[in-house]
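As structure tokens, the structure follows; a few thoughts come after it.
Throughout, residue positions are numbered sequentially from 1 according to the sequence presented. Note that this is a predicted model, so its numbers are computed, not measured.
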Amino acid sequence: MKKIIIPISIFFLALSFYFAPSAQAADLRGRILLQVQSHGEAWYINPGDAKRYYLGTATQAYSVMRQLGLGISNKDFYAAAVKMPSRLAGKILIKVEDSGRAYYVDPLNLKMYYLGKPADAYEVMRSRGLGITNANLNLIAIAPSSARPIATITVPVNTNNTNPPVVLNADQKLTHFTWKYNSKDYYLDEIFSNATYNSYVNTPKSLSYSSNNPPANMRDAFYAMLIAQKSGDNTLPNVINDLKSLAAKDSISGDKLVDFIMAFVQYIPYDTSKTNTSQPNFIYETLYKNSGICSDKTFLSVAILRDLGYGAAIFDYPDQKHSAAAVECPNDKSTYGSGYCYIETTNYFPIGTLPQVVSSNSSASHPTQIEDVFKTGGFTTLEKYQMTGGATYNGITDTMNRAAAITSMRNNILSSQIALTTIKADIDTASADLATMQAQMQAYRDAGNSTAYNALVPQYNAKVAIYNAKVADQKLKIDLYNGFVNDYNKALSGFFQK
């Protein structure tokens with residue numbers, strides 16, 4: 001089993017707490033105890049086994065408290081936040097649907113305290129701790145793993161609850177990736193080398209060549225240099241293999257695997273700190289930092305597509321100062337008839353669909369109309385680089401069919417709006433006719449002309465029946481309209497994974 005190893009750093013607590021009146025574990029379940037006759041060492045009494053667990057440093061406390069946590073769904077968490085059940089007193093709650101966020105439930109007030117990072121755990125210890133004498137503390141059994149302070153700790157890593165914890169040394173950094181595919185949340189933790197990262201950072205990002213043998217295309221050669229990985233660096237293949245393993249658990253393969261891994265790239269946060277003069281990232285830098293701009297994530301996407309065996313290219317738009325990846329696809333369905341399907345990397349877009357507006361220093365925004373997703377009018381000059389052949393991506397057909405279905409839903413909504421407008425006008429006319437007949441009947445009645453009144457009643461009743469039928473038809477059309485709107489909104493939200 002892998003573990004994260006973090007150097008220990010001892011700290012002491014300034015104590016001004018009341019002493020625990022009793023050292024019976026049953027009375028102190030869920031409490032945080034502080035040894036006031038020693039150096040303020042902190043212990044957590046686990047409600048589950050009534051044993052005490054040493055919390056040690058802020059980092060150790062963070063780890064131990066999370067390890068002893070109880071998984072809870074978002075629904076149950078928010079219900080507990082409104083009215084905390086007493087059975088959760090003293091427990092550590094882990095939101096399994098929310099990146100494993102942890103909260104401590106104080107048994108005294110049943111309030112939750114966030115354990116987001118080591119500093120938060122330390123603050124909970126400081127503010128919620130209860131002072132206890134050594135004699136009373138010694139009456140509470142120690143958990144086997146907490147007999148004495150340890151110099152290393154294990155931190156559970158959230159990777160879809162499938163991967164074991166990992167071990168870090170002084171040269172390593174853990175990067176946590178999150179993304180969505182088919183509107184499902186995915187997580188992946190990868191270890192990177194600080195030394196390797198610094199090696200890439202310190203590598204000149206300028207193209208060198210012999211004056212006697214210049215590259216055929218300077219920009220193409222420059223991009224090739226940025227996509228290339230150093231000798232012995234197997235980071236990208238390892239990440240791809242981890243992504244494949246994760247996808248396999250949900251039976252994701254073939255072109256769907258391309259969609260899945262491109263979503264992984266698209267959800268890498270946009271690096272808003274970069275300016276027009278900032279240097280581009282090597283692939284390792286983008287993964288290490290878990291951030292990048294359009295060009296950085298495009299280089300990463302092209303390298304991944306090639307590793308998966310697909311043809312790939314870079315689409316450059318110098319007028320918009322924008323770059324995008326592209327994957328080989330059927331020519332009749334490709335972007336610009338280029339033989340490649342556009343891949344927006346700054347935000348989630350299904351492969352083959354395009355934003356209509358891109359802005360510098362921000363992610364591309366989704367178009368408001370589904371009909372616009374295949375339009376190329378938002379861009380002007382196109383330059384293609386790093387074009388390679390390989391397997392053909394055919395998932396574009398499914399994407400086009402989904403977009404067509406959403407367009408059909410929108411057309412149904414528009415048709416329903418017209419039908420509702422028409423029937424409303426008919427109902428308004430019928431209502432006016434009934435009002436006129438009612439006035440005439442009232443006049444006959446006031447004049448005592450029962451013959452004329454009685455003659456008009458059957459006509460009035462017939463019009464009432466027609467009116468009621470129109471109202472019933474309107475209700476049905478309203479129900480259909482609302483159903484079309486609901487289906488459309490759901491499909492459109494799913495298309496862009498909002």
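When the ring pair (Phe, Tyr, Trp, His ring centres under 6.0 Å) test is applied to Tyr348, no partner is found at least two apart in sequence or on another chain.
Within 6.0 Å of atom NZ in Lys230, more than 12 heavy atoms from other residues, nucleotides or ligands are found, so the atom counts as buried in its surroundings. Residue-environment remark: NZ (Lys256) stays at or below the threshold of 12 foreign heavy atoms within 6.0 Å.
No side-chain heavy atom of Tyr342 sits under 4.5 Å from any side-chain heavy atom of Ser334. Inter-residue side-chain proximity for Leu243 and Leu188 is flagged as met; some heavy-atom pair is nearer than 4.5 Å. The shortest distance between side-chain heavy atoms of Met262 and Ile304 falls below 4.5 Å. Ile94 places none of its side-chain heavy atoms less than 4.5 Å from the side chain of Tyr103. No side-chain heavy atom of Ser323 sits less than 4.5 Å from a side-chain heavy atom of Tyr317. Within the 4.5 Å cutoff, the side chain of Val485 has no heavy atoms near those of the Met409 side chain. For the pair Pro330 and Thr392, the minimum side-chain heavy-atom distance is below 4.5 Å. You'll find the side chain of Val96 stays beyond 4.5 Å of the side chain of Ile72, heavy atoms only.
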Inset, instruction - I would like to know whether Leu236 and Leu287 meet side-chain contact (heavy atoms from CB on, under 4.5 Å); could you show each step before the answer? - result: CA-CA 9 Å; Leu236 183 61; Leu287 290 170; 4.1 Å; yes
Inset, instruction - Give the C-alpha distance, both sets of side-chain angles, the deciding distance and a yes or no for salt bridge (charged side-chain N to carboxylate O under 4.0 Å, His left out) between Lys274 and Asp271. - result: CA-CA 6 Å; Lys274 279 198 165 188; Asp271 188 353; 5.4 Å; no
Inset, instruction - Start with the C-alpha gap between Thr368 and Gln356, add the side-chain angles, then the distance that decides, and say whether side-chain contact (heavy atoms from CB on, under 4.5 Å) holds. - result: CA-CA 9 Å; Thr368 56; Gln356 295 305 293; over 6 Å; no
Inset, instruction - For ring-ring contact (aromatic ring centres under 6.0 Å, His included), just list the numbers for Phe260 and Tyr181, CA-CA rounded to whole Å, side-chain angles, deciding distance to a tenth of an Å, and then say yes or no. - result: CA-CA 6 Å; Phe260 178 80; Tyr181 176 68; 5.6 Å; yes
Inset, instruction - Kindly determine whether Phe192 and Tyr197 satisfy ring-ring contact (aromatic ring centres under 6.0 Å, His included), including the steps that lead there. - result: CA-CA 8 Å; Phe192 296 94; Tyr197 170 73; 9.3 Å; no
Legend entry - Chi angles and distances behind the side chain to side chain donor-acceptor pair (under 3.5 Å) call for Asn194, Gln172: CA-CA 6 Å; Asn194 297 324; Gln172 293 176 321; over 6 Å; no
Legend entry - Residue pair Asn182, Tyr186: steps toward the side chain to side chain donor-acceptor pair (under 3.5 Å) verdict: CA-CA 10 Å; Asn182 277 346; Tyr186 286 88; over 6 Å; no
Inset, instruction - Test Arg219 against Tyr223 for side chain to side chain donor-acceptor pair (under 3.5 Å), laying out the working first. - result: CA-CA 6 Å; Arg219 184 168 291 273; Tyr223 286 167; 3.0 Å; yes
Legend entry - Derivation and outcome, side-chain contact (heavy atoms from CB on, under 4.5 Å), residues Gln369 and Thr407: CA-CA 9 Å; Gln369 302 293 342; Thr407 298; over 6 Å; no
Legend entry - Residue pair Leu354, Val373: steps toward the side-chain contact (heavy atoms from CB on, under 4.5 Å) verdict: CA-CA 5 Å; Leu354 295 81; Val373 295; over 6 Å; no
Inset, instruction - Go through the steps for Asp259 and Tyr393 under the test side chain to side chain donor-acceptor pair (under 3.5 Å), then give the verdict. - result: CA-CA 10 Å; Asp259 298 332; Tyr393 171 81; 2.6 Å; yes
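Among His322, Gln266, His366, Lys297, the single residue meeting the side-chain hydrogen bond (donor to acceptor under 3.5 Å, both in side chains) criterion with Glu344 is His322.
Remark: the backbone N or O of Asn482 is not paired with any side-chain donor or acceptor of Asn486 at under 3.5 angstrom. A distance-only check finds a donor-acceptor pair linking the side chain of Asp171 to the backbone of Ala195 [under 3.5 Å]. Judged by distance alone, with hydrogens and angles left aside, the side-chain atoms of Asn202 form a donor-acceptor pair with the main-chain N or O of Asn198 at under 3.5 Å. Remark: the backbone N or O of Phe315 is not paired with any side-chain donor or acceptor of Glu383 at under 3.5 angstrom. Put simply, the side chain of Asn412 never gets that close to the backbone of Phe484: no donor and acceptor are under 3.5 Å apart. Looking at Asp372, its side chain never comes within 3.5 Å of a backbone N or O of Lys375 through a donor-acceptor pair. Under the 3.5 Å distance criterion, the side-chain polar atoms of Ser431 are left unmatched by any main-chain donor or acceptor of Ile427. Using a distance-only test at 3.5 Å, with no hydrogens or angles considered, a donor-acceptor pair links the side chain of Asp233 to the main chain of Thr235. Using modelled atom types, one side-chain atom of Thr429 and one backbone atom of Ala425 make a donor-acceptor pair closer than 3.5 Å. Panel note: side chain Thr353, backbone Pro350; a donor-acceptor pair is recorded below 3.5 Å.
Between Tyr187 and His176, the ring planes are parallel. Angles under 30° get that label, and only those over 60° would be called perpendicular.
Nearest approach of Leu257 to Ala247, heavy atoms of both residues: CD1-CB, 3.6 Å. Across all their heavy atoms, Asn281 and Ser291 have their closest contact at ND2-O, 3.6 Å. The heavy-atom pair separating Ser193 from Tyr284 by the smallest distance is N-OH, 2.6 Å. Between Thr346 and Ala364 the shortest heavy-atom distance is OG1-N, 2.9 Å. The minimum heavy-atom distance between Gly352 and Phe374, with the atom names listed, is O-CD2, 3.4 Å. Nearest heavy atom pair, residue Cys329 against residue Ile396, reads CB-CG2, 4.4 Å.
Of the N and O atoms on the side chains of Thr175 and Asn290, not one donor lies less than 3.5 Å from an acceptor on the other residue. Side-chain contact check for Tyr467 and Asp426: no donor-acceptor pair (N or O, by modelled atom type) lies under 3.5 Å. For Tyr270 and Asp296, the side-chain atoms include no donor-acceptor pair closer than 3.5 Å.
A cation-pi arrangement is found for Lys173 relative to Tyr288, the charged atom lying closer than 6.0 Å to the ring centre and inside a 45° cone about the ring normal.
Interatomic distance, OG of Ser493 versus CD1 of Ile406, reported as 10.0 Å (0.5 Å rounding). Put simply, CG on Leu308 and CD1 on Ile261 are 4.5 Å apart, with the number rounded to the nearest 0.5 Å. Atom SG in Cys294 sits 13.0 Å away from atom CG in Asn347 (nearest 0.5 Å). Rounding to the nearest 0.5 Å gives a distance of 12.0 Å between CG of Asn401 and OG of Ser408. Within the model, atoms CG of Asn331 and SG of Cys341 stand 9.5 Å from one another, a figure rounded to the nearest 0.5 Å.
Residue pairs meeting the salt bridge (charged side-chain N to carboxylate O under 4.0 Å, His left out) criterion with at least one member in residues 282-294, sequence neighbours excluded, are Lys205-Glu285.
In summary, Asp473 and Lys470 do not engage in a salt bridge, as defined by a charged side-chain N under 4.0 Å from a carboxylate O.
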